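Here it is: the structure, laid out below.
Note that the structure is a prediction, hence the values are computed from the model and not measured. Values below: every heavy atom of this structure, side chains too, minus hydrogens, waters and symmetry copies.
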Amino acid sequence: PSDAALKKEHSMQDSAGRDIATFFKVGSDFLTALGQRPEIQYASTSFNPNFPQFMIDIDVAKVKTAGLSVSDILNTMQGYFGGVYASNFNQFGKQYRVMYQAEPAFRANPQSLNDVYVRNASGTMAPITSFMTLTKVYGPQSISRFNLFTSIGVTGSPNAGYSSGDAINAIQQTAAQTLPVGYGYEFSGMTREEIAAGGQQIFIFLLVILFVYLLLSAQYESYILPFAVLLSLPFGLAGVFVFANLFGISNNIYLEIALIMLVGLLAKNAILIVEFAAERRRHGMPIAQAALEGAEARLRPILMTSFAFIFGLLPLMFARGAGATGNRSIGTGAVGGMLIGTILGVFVIPILFIVFQSLQERISRKRIKPLAEAKNNHPTEKE
């Protein structure tokens, strides 16, 4: 996958405080084990302990004898080689920063240190090399800390056909099997947020369903009839996973967004039929006839709006390029759920209306107007 949102980020931690070489060996073994997991497409790190460097060894005794401090030596080197901000000056109506630093030709190699001097306590200039030595070594370019422990950042991506949750589980299992005592890991970035929000999907879905149920209960003035709408939703939501499997889409956060969106869209189709059928039933029409007429009257508006929505999502379903994974996930899930939900809904919703309207009348025993009166007050069909 090309989307950065699908990349897994975590940090290995050396809680035992061992040397960098040992830590890097443990990290390399961990990455090798991750690469053998079918859920992981790749796992890598930019950490490298073999960058060529110079280690500065300052002779503190000589520095103190000369009446200097270690800071004097380091500040002098910083000024010549790293550059130091000195002051500002104004000219041409603008303010400029003043930095002092040696010319590039005089700081191009270690031998240039022979031309750097520092003023000692007696006021004379002494070569800085008389107080320090350089040793060529190898080490990491930078050392990161995570939770105050030395850490190595690891980035990976799930393989095709596996979700981000599968990749997270693979990392956790591999770490438990391969990391020695004293080494651990913590997820970071988007992965950390994903895990923190991982237990919220069920709560969100339940909250969405609860909102729909309460609104329909208020609309129909019944606690039973809304189930004719809610129980039609699983047929459409199942279409999301059918199309996801057909087109090789993993169950990721984008697919879950499509599921939440489809709850409202599929409920809208069911509401059109149930409301129309309930209105005819309130005027005395038999339940089965009211359900059939409701489905027949609202068939064309449902098909028009649903297929317009489906055709509008086809560019997302077949998206290419940057962000294509997320676009395809949302598009494929929404198209599959809407298509199957619409086709099955026009057959299932009238049946559910018959079942729950009959149950509602047995419980509430509401008076239904006579059929003759219903014909006089028969509602007109409007689309």
* Charged N-O contact under 4.0 Å between Arg298 and Glu275 -> no
* Asked: Given the rule in the side chain to side chain donor-acceptor pair (under 3.5 Å) test, do Ser11 and Ser151 qualify, once you have shown the distances and angles that lead to the verdict?
  -> CA-CA 6 Å; Ser11 298; Ser151 66; 4.7 Å; no
* Asked: For Phe149, does its backbone N or O pair with a side-chain atom of Arg145 as donor and acceptor, under 3.5 Å?
  ->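 No; judged by distance alone, with no hydrogens or angles, the pair does not exist.
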* Going through the distances and angles, do Met125 and Val118 end up as a side-chain contact (heavy atoms from CB on, under 4.5 Å)? -> CA-CA 5 Å; Met125 303 296 290; Val118 60; 5.9 Å; no
* To do: Using a 4.5 Å cut-off on heavy atoms from C-beta on, say whether the side chain of Leu225 contacts that of Phe353.
  => yes
* To do: Please test Val229 against Tyr220 for side-chain contact (heavy atoms from CB on, under 4.5 Å), starting from the C-alpha separation and ending with a verdict.
  => CA-CA 11 Å; Val229 175; Tyr220 298 142; 4.1 Å; yes
* Sidechain-backbone polar pair: Asn169 side chain, Asp166 backbone, donor-acceptor under 3.5 Å ->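 Flag not set: sc Asn169 to bb Asp166 has no pair under 3.5 Å.
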* Asked: What orientation do Phe47 and Phe23 show, parallel under 30°, tilted 30 to 60°, or perpendicular over 60°?
  -> tilted
* So, for Tyr183 and Phe30, is the gap between ring centers shorter than 6.0 Å? ->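 Distance test on ring centres: not under 6.0 Å, no.
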* Separation between CD of Gln219 and CG of Leu214, rounded to the nearest 0.5 Å ->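 The CD atom of Gln219 sits 13.0 Å away from the CG atom of Leu214.
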* Side chain of Thr45, backbone of Gly153: donor and acceptor closer than 3.5 Å? -> yes
* Gln289 versus Leu292: any side-chain heavy-atom pair under 4.5 Å? ->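 They are not in contact (no side-chain heavy atoms under 4.5 Å apart), so the answer is no.
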* Asked: OG/Ser130 to NZ/Lys62 distance, rounded to the nearest 0.5 angstrom?
  ->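 Between Ser130 OG and Lys62 NZ, I get 6.5 Å after rounding to 0.5 Å.
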* Which one of Ile349, Leu233, Leu230 satisfies the side-chain contact (heavy atoms from CB on, under 4.5 Å) criterion with Leu266? ->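 Testing Leu266 for a side-chain contact (heavy atoms from CB on, under 4.5 Å) against Ile349, Leu233, Leu230 leaves exactly one candidate, Leu233.
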* Asked: Once the angle between the rings of Tyr185 and Phe187 is folded into 0 to 90°, is it parallel (under 30°), tilted (30 to 60°) or perpendicular (over 60°)?
  -> perpendicular
* To do: Go through the steps to decide whether Ile58 and Leu74 satisfy the test side-chain contact (heavy atoms from CB on, under 4.5 Å), and finish with yes or no.
  => CA-CA 9 Å; Ile58 297 178; Leu74 297 179; 3.7 Å; yes
* More than 12 foreign heavy atoms under 6.0 Å from OH of Tyr96: is that the case here? -> yes
* To do: Determine, stepwise, if the pair Lys136 / Gln53 fulfils side-chain contact (heavy atoms from CB on, under 4.5 Å).
  => CA-CA 6 Å; Lys136 192 173 184 178; Gln53 303 172 353; over 6 Å; no
* To do: Kindly indicate whether the side chain of Gln357, heavy atoms from C-beta on, has any atom under 4.5 Å from the side chain of Val274.
  =>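 With C-beta onward as the side chain, the pair stays apart.
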